[in-house]
Amino acid sequence: MRLDVITIFPDYLQPLDLSLIGTARRNGLLDLHVHDLREHTHDRHRTVDDTPYGGGAGMVMKPEPWGEALDQLTAGDTVPHLIVPGPGGTPFTQQTARDLAQEPWLAFACGRYEGIDERVYEEAAERMPVSVLSLGDYVLNGGEVAVLAMVEAIARLIPGVIGNEQSLVEESHEDGLLEYPVYTKPAVWRGREVPEILLSGNHGAIAAWRHEQRLQRTAARRPDLLSD
Ligand code: 6GU
């Protein structure tokens, strides 16, 4: 999969050099390019923002640098699916990650300040698929941290990125329930015992216990997941 990230803070994406994602890049499973939006400014101050028409607080990202940056990505025969992270987007879920993991090419546009001039979205949508996606109901200062989360959630679903593919099967959100609690050695720690059933060797009983734990945990922490 090819991934492009456009940002005014390229250094923010450095964690993508690390761990499983970094290894996947070195193995050629991920072809990641980070671009500095300011490369597409032409004034001495490399200006990317300006005051909002109509007034109001904060600054808005100017359309021209974004237009140029996106032109560069659409110059060839194929175009990326453009993802714009933002608190006003559609919720990014495990299903979103599964869908996006099927795409050959994703580009992420990181907004800052109060957002990007709306015409950038309109014009981009005439040339490529565009999705505005939110991580949740809270506000981050910019899209960069959201891109780190989204890229990790997507990339780990690509075959070969995670060593043990079985670990993708039994995890939270894979089938609409949260994960069961897990334990490892020692069998007693600070006076606390591992649930006896896990030491029983009875795999059927263990599976039933784990399923019940998932239901209880989901009801306690995420009742919204059970109600539909
Ligand atoms: Cl995807 N971006 C920003 N800037 N803030 C957010 C978010 C995304 N998701 C929740 N808050």
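Basis for what follows: all heavy atoms, side chains included, without hydrogens, waters or symmetry-related copies. Whatever order the structure lists ligands and atoms in, that order sets their numbers, starting from 1. As the structure is a computational prediction, the values presented were derived from the model and not from experiment.
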(message) Suppose we measure from atom 3 (C) of ligand 1 to each protein heavy atom; which comes out shortest, and what is that distance?
(response) P87 CD, 3.4 Å

(message) Counting non-hydrogen protein atoms only, what is the nearest one to atom 5 (N) of ligand 1? Give residue, atom name and distance.
(response) L140 N, 3.2 Å

(request) With P10 as reference, evaluate V5, D36, L37 under the side-chain contact (heavy atoms from CB on, under 4.5 Å) test and give the passing residue. (result) D36

(request) Report the part of N141 in contact with ligand 1, treating N, CA, C, O as backbone and CB onward as side chain, heavy atoms under 4.0 Å; options are side chain, backbone, both, neither. (result) neither

(message) Taking 4.0 Å as the limit for heavy-atom contacts, which would you say applies to Y138 with ligand 1: side chain only, backbone only, both, or neither?
(response) both

(message) Tell me whether the count of non-hydrogen atoms from other residues, nucleotides or ligands lying under 6.0 Å of CG in D43 goes above 12.
(response) yes

(request) Considering the heavy atoms of M150, write down every atom of ligand 1 situated less than 4.0 Å from one of them. (result) 1 (Cl)

(request) For the residue pair T93 and H173, confirm or rule out a side-chain donor-acceptor distance under 3.5 Å. (result) no

(request) Could you tell me whether a side-chain N or O of T7 sits under 3.5 Å from a main-chain N or O of F9, the two making a donor and an acceptor? (result) yes

(request) State whether the number of non-hydrogen atoms from other residues, nucleotides or ligands found under 6.0 Å of R119 atom CZ is greater than 12. (result) no

(request) Go through ligand 1 atom by atom and flag the ones less than 4.0 Å from a non-hydrogen atom of S134. (result) 1 (Cl), 9 (N), 10 (C)

(message) Return the closest protein heavy atom for atom 9 (N) of ligand 1 as residue, atom name and distance.
(response) L135 N, 2.9 Å

(request) Taking only heavy atoms of L133 into account, list the atoms of ligand 1 that are under 4.0 Å away from them. (result) 1 (Cl)

(request) Report yes if some N/O of A146 lies less than 3.5 Å from some N/O of ligand 1; otherwise report no. (result) no

(request) Just do the side chain to side chain donor-acceptor pair (under 3.5 Å) check on H35 and Q72 with the steps written out, would you? (result) CA-CA 11 Å; H35 311 270; Q72 202 168 61; 4.6 Å; no

(request) Verify the distance criterion only: is there a donor paired with an acceptor across the side chains of R210 and Q213 at less than 3.5 Å? (result) no

